[in-house]
Every structure is written in C-alpha cells, then in structure tokens.
Number of protein chains: 2
Amino acid sequence: MDPSTNEDGVGLAFALLASAARMAERIDEGVVRRGFTGLRPTHGFAFAFLAPAGGTVTGLAAHLGVTKQAAAQLVDELEAKGYVRRGPHPHDARARLVELTEAGRACTRAAEAAAAEAAGAWSEAIGADRMGQLRRDLERMAEGGPIRPTW
Amino acid sequence: MDPSTNEDGVGLAFALLASAARMAERIDEGVVRRGFTGLRPTHGFAFAFLAPAGGTVTGLAAHLGVTKQAAAQLVDELEAKGYVRRGPHPHDARARLVELTEAGRACTRAAEAAAAEAAGAWSEAIGADRMGQLRRDLERMAEGGPIRPTW
DNA sequence: CCCTTTGGTCAAGTAGCTTGACCTAATGTC
DNA sequence: GACATTAGGTCAAGCTACTTGACCAAAGGG
C-alpha cells in the first residue's frame with residue numbers, strides 16, 4: 001500500500017475528529033453562555049430529535065444509538081429540569097409521547113444560535129463560498145447510523 | 001438573526017459531528033478487522049501521540065484533555081496488553097518515558113490503514129480532488145485544544 | 001539553599017452508560 | 001376471538017472510564 005495515501009487518510013481522519021471536537025466544545029460553550037447549564041452534547045441530539053413533533057423513548061434510543069434505559073434516564077433528567085414533558089401517546093397506550101416544553105424550545109434555539117455562531121466563525125476563516133461545499137461533502141459521509149458518537 | 005443562516009450553521013454542525021462519528025466507527029471497525037480488539041478510539045489518539053518519540057503520562061493527559069490519573073490508567077491498560085512500555089526518562093528522574101512496543105507500532109499501522117481505507121471510500125463518494133481541500137478546511141478548524149472529544 | 005513547580009501515584013467517588021428481568025399493550029396468526 | 005409474539009417502558013444492579021483530593025519525590029528558580 002502506498003504510504004503517502006495512507007498519510008493523507010490519516011490526516012483527514014484526524015482533522016475531521018479534531019474539528020468535530022472543537023465544534024462540540026464551541027456549541028456547548030455557546031449554550032452555556034446563553035444561560036443553559038448542566039447540558040451535554042447528547043442532550044442537544046435529543047432536542048433535535050424531539051423538536052419537530054416529539055417522540056418516544058424507544059425512538060430516541062435508536063436515534064442516539066443507546067439502550068432504551070439510557071434514553072429513559074436522559075428523558076428523566078430533561079423532564080426534571082423542565083425541558084421536556086411526558087404525555088400520553090395518541091395512537092399507542094403503551095407508549096408515552098415525549099415533547100419539548102417552551103423551555104426546551106428556547107434551549108433548542110440557543111443551541112442553534114450557538115451552532116450558527118461557531119459555523120460563522122469558521123466561515124470567516126475558510127471563506128463562505130466553501131462552507132456550502134463543505135457541508136454537502138460532510139453530509140455525504142454522515143449518512144446512516146445513529147447520530148451520537150461512540151467514543 | 002436570520003433564520004436561514006441559523007439553519008445553515010446547524011446543518012453544517014450536525015453533518016460534521018455525524019460524519020466524525022461515522023469516521024470513528026469505521027476506523028474502529030477496521031482496526032478490529034485487522035486483529036486488534038479491546039481498543040477504543042481514545043487509545044488511537046494515545047498511539048498517535050506516543051508514536052514519534054514516546055512521551056510522558058502528563059504530556060499524554062494534556063494531549064487527550066483528561067486528568068493525568070486518567071492518562072496513567074490508560075497507559076496501565078496499554079502496558080498490560082503489551083502495546084506500550086514504561087522506561088526511565090533520559091532527562092528527568094521523576095518522569096517515566098512511555099514508548100510503543102513493536103505490537104504498539106503494528107497496531108498504529110493498522111489504525112492508519114483503517115483510516116486510509118475509510119478516507120478512500122469517502123474519496124470515491126465525493127471525488128479525490130475535493131478531499132485535499134476538505135482536509136485543509138478541516139485542519140483550519142481543528143487548530144488548538146486537545147484532540148479527544150468531550151462528548 | 002529553601003520554596004515552588006512539576007511528574008507521578010494511591011484512594012475514593014461518580015456519571016453515564018450497560019445487561020437482565022419483568023410488566024403491559026399492540027399486533028399478528030389461526 | 002383466543003393465543004403467541006413483538007414492542008414500549010420501567011425497575012434493579014453492575015460496570016467502566018472518567019473525576020476530585022491528598023500525597024510523595026525530583027526539578028528548578030530566587
């Protein structure tokens with residue numbers, strides 16, 4: 001195998017992982033700065049999943065790539081902090097529908113603003129024109145599988 | 001704030017985090033396929049740090065963004081599995097120099113090959129010409145801070 | 001020479017997951 | 001419509017990769 005090709009792959013992989021780490025840090029920091037403390041990136045992924053129309057604990061578990069017990073525990077925590085509410089499920093008496101409260105939506109907006117801020121700073125560094133391309137390239141790679149990283 | 005700009009930022013952030021998660025999974029899977037089991041991505045970052053000329057536990061801790069106790073524990077584990085060796089430090093009697101063994105170097109090569117493989121698959125999807133640009137863009141963003149993600 | 005800093009270890013605690021057992025409601029299958 | 005299987009959720013216990021805190025010994029600066 002060609003060593004130089006190897007090195008390119010390694011460089012890309014490291015850059016990708018490290019830049020994702022920076023992004024997560026910046027979003028987290030931005031969310032804290034907007035007044036929402038005690039939340040981890042996993043919560044953000046949960047918010048994003050629940051935002052459109054709510055969802056079940058099991059659905060959330062699949063989306064995050066964790067067990068349903070872990071997802072339930074995460075929902076307990078968010079419920080205790082007032083970000084989500086558990087209600088009856090309209091079509092399934094076993095299930096409970098987890099929905100964002102107004103506080104949850106406010107927090108989601110804060111996370112979006114923080115993400116936009118971080119992306120904006122990046123855009124300044126590499127140029128706005130490349131950001132669209134970058135996003136499309138990354139989206140190609142992101143397809144399939146749960147959102148939450150395994151590390 | 002312009003909502004569409006917000007959405008762009010969110011899209012980029014999600015694509016970045018999700019694609020990094022895919023990358024980590026693929027590398028991990030490739031390393032396992034090459035016969036090295038029981039290793040997590042954090043170990044890979046440790047290997048990369050130690051590969052050039054070894055290093056101290058404290059240095060590793062700073063590189064990974066964890067406490068030195070956590071780094072020491074990680075080194076214990078790698079030592080028990082035969083991937084690293086602790087020796088005396090040439091210039092500092094307090095410190096111990098942690099170096100890769102031959103098994104450790106073999107594992108590092110496997111991880112590099114796995115990363116190259118994953119990057120190669122990606123390169124096929126988006127085109128080889130864009131990969132270089134992508135890498136440079138990501139590297140700009142990755143600057144500063146420890147390598148290991150916080151999530 | 002101290003005095004502070006730095007590399008490392010020991011001990012204990014914790015957060016965020018896991019596996020396993022179980023209950024109840026929905027969904028076939030006949 | 002009875003029955004078996006599947007699926008959503010909870011309770012309980014355990015584990016692992018971290019953490020904080022206290023401490024020791026060597027290095028290094030004034």
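In what follows, chains are A, B, ... by sequence order, proteins preceding strands, each numbered from 1.
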Which heavy-atom pair separates I27(A) from A114(A) by the least distance, and what is that distance? O-CB, 3.7 Å

Can you tell me the distance, in whole Å, between the CG atom of L60(A) and the P atom of dT10(D)? 12 Å

Does the pair E77(B)/R40(B) count as a salt bridge with the N-to-O cut at 4.0 Å? yes

I'd like to know if Q69(A) reaches the base of dG16(C) with its side chain such that a donor and an acceptor end up less than 3.5 angstrom apart. no

T56(A) side chain to A95(A) backbone, donor-acceptor under 3.5 Å: no

Looking at every strand, decide which applies to T58(A) at a 4.0 Å heavy-atom threshold: base, sugar-phosphate, or nothing. sugar-phosphate

Considering only NZ, NE, NH1 and NH2 on the basic side and carboxylate oxygens on the acidic side, decide whether R109(A) and E102(A) come within less than 4.0 Å. yes

For the backbone of A119(B) and the side chain of S123(B), can you confirm whether one donor and one acceptor N or O come within less than 3.5 Å of each other? no

Salt-bridge test for E99(A) and R105(A): reply yes if a basic N is under 4.0 Å from a carboxylate O, no otherwise. no

Give me the residues of residues 83-99 of chain B where at least one heavy atom lies under 4.0 Å from an atom of DNA chain D, by number, or none. D92(B), A93(B), R94(B)

Among residues 70-80 of chain B, which ones have heavy-atom contacts with DNA chain D below 4.0 Å? A70(B), Q73(B)

Value in whole Å for how far the C1' atom of dA15(C) lies from NE2 of H43(A): 11 Å

Scan T67(A) against the nucleic acid and name what it touches under 4.0 Å (heavy atoms): base, sugar-phosphate only, or nothing. base

pair L60(A)-V98(A): side-chain heavy atoms closer than 4.5 Å: no

Salt bridge or not between R86(B) and E79(B)? Use side-chain N to carboxylate O under 4.0 Å. yes

K68(B) has an atom NZ; how far is it from atom C1' of dC23(D), in whole Å? 10 Å

Would one find a side-chain N or O of T56(B) under 4.0 angstrom from OP1 or OP2 of dG8(C)? yes

